[in-house]
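Atoms within a ligand are numbered from 1 in the order they appear, just like the ligands themselves. In what follows, residues are counted from 1 in the order of the sequence shown. What you see is a predicted model, and the numbers here were worked out from it, not measured in a lab.
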Amino acid sequence: MNDNLCFLNGEYLPLSKARISVLDRGFIFGDGIYEVTPVYGRRLFRFDEHLARLQRGLDKIRIANPATREQWLQRCRTLVGAVGNATGADDQVVYIQVTRGVAPRDHVMPEGLVPTAFMMSNPMKPVPAELRHQGASCITARDFRWQRADIKSTSLLGNVLARQMSADQGATETILFRDGFLTEASSSNVWIVKDGALLGPPKSELVLEGIRVELLRELCEEVGIAYNLRPITEADVRSADEVLLSSATKEVLAVTKIDGEVVGHGAMRGKPGPVYAQLYEAYQQAKLTMSI
Ligand code: PDD
């Protein structure tokens with residue numbers, strides 16, 4: 001295990017030395033919010049968007065933000081610098097977690113708790129070249145998670161169970177349907193391409209608003225691809241021209257097999273398609289201009 005520098009409640013220390021109380025509500029209840037921000041060339045990608053979502057999550061679960069933007073940014077930079085120097089990795093993934101804090105176990109939210117703030121950064125594991133080239137194989141499942149997937153909560157048991165279903169089959173992701181409609185995947189947003197347009201599910205409490213949801217809207221506008229968020233049925237996914245995943249770590253990734261069936265039509269059947277290729281290219285450009 002790496003022993004890089006991390007941040008816990010005002011202190012920088014090696015991961016192996018970081019300690020929290022067993023009564024931390026993050027440990028007892030999963031009562032917290034987290035954020036995963038990619039770093040390219042030691043610069044934070046879409047940092048303010050990630051921080052804004054952290055703030056929205058804290059507001060939704062009624063935890064006061066324990067730091068200012070400048071403090072979060074400074075801490076991120078300190079960790080990225082330390083991990084970069086220790087590992088040589090200029091591309092990293094910063095993890096931020098805020099929990100409600102430490103208190104005797106009681107479901108009711110105690111007043112006046114000091115939130116626990118934890119941060120670490122890890123070298124980014126890029127998507128393997130073969131997976132990028134061939135596209136991902138995914139399985140599908142019923143979305144059995146709770147109905148507040150919009151909250152980026154550390155209570156991720158539903159997502160963990162969903163992800164393991166695909167891991168058990170050697171697949172990259174588990175695409176989830178609720179009542180016959182696409183929501184997202186265990187740790188990614190899901191997109192389809194129909195007649196050249198990129199389509200994603202509408203914003204709702206059933207789907208996490210990934211930072212790439214708005215980014216892809218901007219990239220589509222830039223390269224002239226139609227973009228629309230609307231309800232997507234299971235049949236739409238299975239008959240799509242292309243299927244894509246997006247997340248902080250996957251960026252955009254083509255899906256070329258779903259439940260063992262090949263995705264797409266004609267010459268592009270089973271291959272990463274043209275809309276994917278355009279968005280992937282645009283994404284690589286965005287890394288250079290949207291990182292601080
Ligand atoms: N996962 N939906 C879910 C359930 C997710 O967990 C994620 C990200 C996304 C994509 O969001 P974004 O574009 O902001 O990364 C959608 C992160 C990477 C994780 O939990 O590690």
Side-chain angles (χ1 to χ4, degrees), residues 26 30 32-40 44-57 60 76 91-98 118-127 136 138-167 172-178 181-192 198 200-220 227 229 232 243-253 255 279-280 282-283 286-287 290-291:
I33 293 290
Y34 76 104
E35 206 45 63
V36 176
T37 307
V39 173
Y40 300 106
L44 293 134
F45 184 59
R46 304 285 280 194
F47 173 78
D48 282 294
E49 286 79 0
H50 280 280
L51 206 62
R53 183 174 61 185
L54 180 76
Q55 184 65 59
R56 289 199 298 276
K60 284 175 190 180
C76 286
D91 293 354
Q92 300 176 24
V93 180
V94 171
Y95 177 86
I96 301 179
Q97 171 169 340
V98 179
F118 170 67
M119 302 169 71
M120 63 181 167
S121 190
N122 290 295
M124 184 178 285
K125 288 190 213 128
V127 172
C138 294
I139 65 157
T140 63
R142 177 174 60 86
D143 192 343
F144 48 75
R145 304 170 306 157
W146 73 327
Q147 303 202 9
R148 290 304 305 273
D150 61 311
I151 300 174
K152 202 165 172 62
S153 160
T154 56
S155 311
L156 284 175
L157 184 56
N159 301 65
V160 167
L161 290 174
R163 176 65 187 99
Q164 192 59 37
M165 292 165 73
S166 45
T172 297
E173 256 291 20
T174 306
I175 295 174
L176 302 170
F177 297 107
R178 194 185 284 272
F181 288 92
L182 173 66
T183 52
E184 56 185 335
S186 75
S187 61
S188 326
N189 289 113
V190 181
W191 305 86
I192 67 168
L198 186 74
K203 292 177 191 177
S204 81
E205 291 188 346
L206 302 176
V207 184
L208 182 76
E209 190 179 346
I211 297 308
R212 272 127 286 275
V213 171
E214 168 60 16
L215 174 61
L216 287 177
R217 190 193 65 70
E218 292 172 24
L219 297 182
C220 279
Y227 170 103
L229 303 184
I232 294 171
V243 178
L244 272 58
L245 302 174
S246 69
S247 79
T249 46
K250 296 181 190 78
E251 303 180 354
V252 282
L253 181 63
V255 175
L279 290 174
Y280 179 74
Y283 200 109
K287 286 180 188 178
M290 298 179 184
S291 303

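For ligand 1, the atoms sitting less than 4.0 Å from at least one non-hydrogen atom of S188 are 2 (N), 3 (C), 5 (C), 7 (C), 9 (C), 16 (C), numbered in the order shown with element in parentheses. Distances below 4.0 Å separate heavy atoms of S246 from the following atoms of ligand 1: 10 (C). Atoms of ligand 1 found under 4.0 Å from any heavy atom of A185 (numbered from 1 in listed order, with element): 4 (C). For ligand 1, the atoms closer than 4.0 angstrom to any heavy atom of N159 are 4 (C).
In this pair, Y40 and F45 present their aromatic rings perpendicular. The plane angle is above 60°, beyond the 30 to 60° band.
Residues Y283 and S246 have side chains not in contact (no heavy-atom distance under 4.5 Å, counting atoms from C-beta outward). In this structure, the side chains of I33 and T154 stay at 4.5 Å or more apart for every pair of heavy atoms. Taking the side chain as every heavy atom from C-beta outward, P201 and E184 never approach each other to under 4.5 Å. Between R163 and E173 there is a side-chain heavy-atom pair separated by less than 4.5 Å.
Residue S247 places no N or O, backbone or side chain, under 3.5 Å from any N or O of ligand 1.
For A149, no heavy-atom contact with ligand 1 is shorter than 4.0 Å. By the criterion of a heavy-atom distance under 4.0 Å, the side chain of L208, and not its backbone, is placed next to ligand 1. Contact annotation: for I211 versus ligand 1, heavy atoms closer than 4.0 Å belong to both the backbone and the side chain. By the criterion of a heavy-atom distance under 4.0 Å, neither the backbone nor the side chain of V207 is placed next to ligand 1.
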(message) Go through it in stages, so that I can follow the logic: the residues are V94 and H50, the test is side chain to side chain contact (heavy atoms under 4.5 Å, CB included), and I'd like the CA-CA distance, side-chain angles, deciding distance and then a yes or no.
(response) CA-CA 11 Å; V94 171; H50 280 280; over 6 Å; no
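The protein heavy-atom contact nearest to atom 6 (O) of ligand 1 is S187 CA, 3.4 Å. Looking from atom 21 (O) of ligand 1 to the surrounding protein, the closest heavy atom is V36 CG2, 3.8 Å. Protein heavy atom nearest atom 2 (N) of ligand 1, with residue, atom name and distance: E184 OE1, 2.6 Å. The single protein non-hydrogen atom nearest to atom 20 (O) of ligand 1 is Y34 OH, 2.7 Å, given as residue, atom name and distance. For atom 13 (O) of ligand 1, the closest heavy atom belonging to the protein is R212 NE, 2.6 Å. Counting protein heavy atoms only, atom 11 (O) of ligand 1 is closest to G210 CA, 3.3 Å. Of all protein heavy atoms, the one closest to atom 17 (C) of ligand 1 is K152 NZ, 3.6 Å. From the protein, the heavy atom lying nearest to atom 15 (O) of ligand 1 is A248 N, 2.8 Å.
Although no hydrogens or angles enter the test, the distance criterion places no donor-acceptor pair under 3.5 Å between the side chain of S186 and the main chain of A162. Remark: the backbone N or O of P38 is not paired with any side-chain donor or acceptor of R46 at under 3.5 angstrom.
For K250, the heavy-atom gap to ligand 1 stays at 4.0 angstrom or more. Not a single heavy atom of Y95 sits under 4.0 Å from any atom of ligand 1. In this structure, E209 has no heavy atom closer than 4.0 Å to ligand 1.
Going from atom CG of L182 over to atom CG of L206 covers 11.0 Å, rounded to the nearest 0.5 Å. To the nearest 0.5 angstrom, R212 atom CZ is 13.5 Å from L244 atom CG.
No side-chain donor from either of S188 and S247 sits under 3.5 Å from a side-chain acceptor of the other.
Ionic pairing of E209 and R53 is not present here: no N-O contact between side-chain nitrogen and carboxylate oxygen is shorter than 4.0 angstrom.
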